[in-house]
Amino acid sequence: MDIEKKRVAVIITGHLRTFKMHFKHFQKNLLDLHDCDIYLSTWNWNHVGPMAGASLQRVPHESIHKAVSIYPNIKQTIISSYAQINARSETYIKEYGEFGICEDDNYKKYIGGIVNRKTMPYNAGQWFPVQEAFRAIENPEQYDVIFRTRFDIDHWKPVKFLPNELVAVGPGAKRLHDGTKESFIYNIKNHIFYGKPGIVDLMKDIYEQNLELTCKFTNLATNSLLEYYFRNNSKNYPLTIDDNYVEGTHYGVWK
């Protein structure tokens with residue numbers, strides 16, 4: 001595959017989870033092919049222990065910095081307060097008042113499930129590290145691409161960036177309750193998206209935007225909210241779907 005080398009700001013966010021086991025593919029299929037600066041944004045509480053029965057534990061900042069030192073060209077490592085942001089989200093949701101329903105039939109086909117009120121603070125709060133990482137990028141115009149992924153993503157094939165303003169990874173097969181899969185248009189994946197430098201302006205308030213949409217459209221789940229936001233973005237960038245991106249997600253833990 002012919003890969004054009006790009007200057008890339010790589011944003012990696014969320015719980016550290018399985019980042020160590022995925023680093024080999026991350027380096028081979030992204031870092032070795034492009035000129036990358038890395039922006040890391042995680043929590044002061046992380047999943048620790050075996051995958052079965054993993055618990056959230058407070059991790060010292062120095063331990064986090066030491067763990068993520070396997071990444072080269074780190075420009076920023078941001079460690080946010082997990083409890084504080086979720087409490088802030090919960091307070092906002094409680095004070096919001098009446099909850100609404102998304103009446104836009106064009107987007108109902110992307111609904112990924114109902115947002116449960118008990119999990120709404122977490123669903124919205126997970127976007128805070130993403131927002132902080134985008135805000136940390138100085139002079140976004142120095143990059144050809146701003147790319148967002150997560151620590152628990154395994155990038156299986158060489159990353160070839162599409163030359164569009166705003167790109168999301170296409171939907172895969174939906175896993176049904178009986179464990180089987182059904183292929184159909186579901187919703188874009190929320191863990192991988194990228195674009196030209198203008199994407200920073202869209203994402204610098206994504207936590208606040210997601211929090212508001214979570215309350216406004218309570219029948220849209222996290223992925224659906226992202227798709228709704230992308231397709232109605234303030235810059236009028238058309239959303240391009242990259243159906244050829246190949247990755248996997250493993251919700252293990254980092255230790």
Side-chain angles (χ1 to χ4, degrees), residues 1 3 5-57 59 61 63-80 82 126-130 132-134 136-137 143 145-162 167-173 175 181 188-195 203 222-223 226 242-255:
M1 178 185 295
I3 302 290
K5 188 173 184 177
K6 300 287 187 180
R7 177 91 168 105
V8 185
V10 181
I11 288 174
I12 313 175
T13 69
H15 294 288
L16 297 181
R17 298 188 191 270
T18 48
F19 76 101
K20 289 182 180 178
M21 66 181 285
H22 299 324
F23 183 76
K24 180 179 179 180
H25 285 159
F26 185 78
Q27 183 173 33
K28 176 182 177 181
N29 293 322
L30 179 64
L31 301 184
D32 289 349
L33 301 178
H34 300 282
D35 178 12
C36 300
D37 287 340
I38 296 181
Y39 298 80
L40 307 176
S41 188
T42 188
W43 299 106
N44 61 340
W45 287 67
N46 260 278
H47 285 285
V48 175
M51 184 171 181
S55 62
L56 275 171
Q57 296 182 22
V59 181
H61 285 207
S63 296
I64 294 176
H65 284 286
K66 181 179 180 179
V68 301
S69 63
I70 63 174
Y71 293 103
N73 301 329
I74 297 175
K75 292 299 181 182
Q76 288 271 6
T77 299
I78 304 164
I79 304 173
S80 300
Y82 187 81
Q126 67 176 293
W127 289 99
F128 186 79
V130 182
E132 295 306 285
F134 273 91
I137 298 177
Y143 299 108
V145 180
I146 314 292
F147 173 71
R148 185 259 171 159
T149 183
R150 287 192 336 205
F151 289 103
D152 52 8
I153 301 300
D154 199 358
H155 301 273
W156 289 343
K157 289 191 176 182
V159 177
K160 183 177 182 180
F161 293 108
L162 299 180
V167 182
V169 170
R175 184 176 296 277
K181 291 185 177 182
I188 64 172
K189 299 174 182 177
N190 68 16
H191 50 262
I192 296 177
F193 54 84
Y194 59 89
M203 302 305 295
T222 305
N223 287 16
L226 183 65
D242 186 348
D243 286 320
N244 296 314
Y245 204 102
V246 180
E247 34 59 58
T249 307
H250 299 91
Y251 299 106
V253 292
W254 67 291
K255 187 176 181 180

Kindly assign one of parallel, tilted or perpendicular to the pair Phe147 and Tyr194, based on the angle between their ring planes and the thresholds 30° and 60°. tilted
Could you go step by step and tell me if Ile64 and Trp43 meet the side-chain contact (heavy atoms from CB on, under 4.5 Å) rule? CA-CA 9 Å; Ile64 294 176; Trp43 299 106; over 6 Å; no
Apply side chain to side chain donor-acceptor pair (under 3.5 Å) to Tyr245 and list each qualifying residue two or more places apart in sequence or on a separate chain. His155
Interatomic spacing from CG in Leu40 to NE2 in His65 - rounded to 0.5 Å: 9.5 Å
Taking side chain to side chain donor-acceptor pair (under 3.5 Å) as the cut-off, I'd like each qualifying pair that reaches into residues 69-79, sequence neighbours left out, listed once. none
Sorted by chain and number, sequence neighbours left out, side chain to side chain contact (heavy atoms under 4.5 Å, CB included) with Asn244 holds for Asp242
Could you walk me through whether Leu226 and Phe193 pass the side-chain contact (heavy atoms from CB on, under 4.5 Å) check? CA-CA 10 Å; Leu226 183 65; Phe193 54 84; 4.1 Å; yes
Search all heavy atoms of Phe26 against all heavy atoms of Ile38 and return the closest pair with its distance. CE2-CD1, 4.3 Å
Nearest 0.5 Å, what's the NE2-OG1 distance between His61 and Thr42? 10.0 Å
Partner set under side chain to side chain contact (heavy atoms under 4.5 Å, CB included) for His22, not counting sequence neighbours: Thr18, Asp154, His250
Residue list, side chain to side chain contact (heavy atoms under 4.5 Å, CB included) with Asp32, at least two apart or on another chain: Gln27
Applying side-chain contact (heavy atoms from CB on, under 4.5 Å), run through Val167 and Phe161 and close with a yes or a no. CA-CA 9 Å; Val167 182; Phe161 293 108; over 6 Å; no
Can you list everything that forms a side chain to side chain donor-acceptor pair (under 3.5 Å) with His34? Sequence neighbours excluded, please. none
To the closest 0.5 Å, what do you measure between CZ (Arg7) and CD1 (Ile146)? 9.5 Å
Looking at side-chain heavy atoms only, is the closest gap between Val159 and Leu33 below 4.5 Å? no
Here the gap from Gln126 atom CD to Tyr82 atom OH, rounded to the nearest 0.5 Å, amounts to 9.0 Å
Suppose we screen for side chain to side chain donor-acceptor pair (under 3.5 Å). Which residues come up paired with Asn29, at least two apart in sequence or across chains? none
Pairing residues for Ser80 by the side chain to side chain donor-acceptor pair (under 3.5 Å) criterion, not counting sequence neighbours: none
To check you understand the geometry: which heavy-atom pair defines the closest contact between Asp243 and Gly170, and what is its length? OD1-CA, 3.5 Å
Below 4.5 Å, heavy atoms only, C-beta onward: do Phe23 and Leu31 meet side chain to side chain? yes
Could you work out, with ring-ring contact (aromatic ring centres under 6.0 Å, His included) as the rule, every residue matching Tyr39, not counting sequence neighbours? none
What are the two closest heavy atoms between Arg17 and Asn46, and how far apart are they? N-OD1, 4.4 Å
How many angstroms lie between atom CD of Glu247 and atom NZ of Lys189, to the nearest 0.5 angstrom? 4.0 Å
For Arg150, all residues meeting salt bridge (charged side-chain N to carboxylate O under 4.0 Å, His left out), sequence neighbours excluded: Asp152
Carefully, step by step, assess His25 and Trp156 under the rule side-chain contact (heavy atoms from CB on, under 4.5 Å). CA-CA 6 Å; His25 285 159; Trp156 289 343; 3.9 Å; yes
Quick one: list whatever passes side chain to side chain contact (heavy atoms under 4.5 Å, CB included) with Ala133, sequence neighbours left out. Ile11, Thr13, Ser41
How many angstroms lie between atom CD1 of Ile74 and atom CD1 of Ile70, to the nearest 0.5 angstrom? 8.5 Å
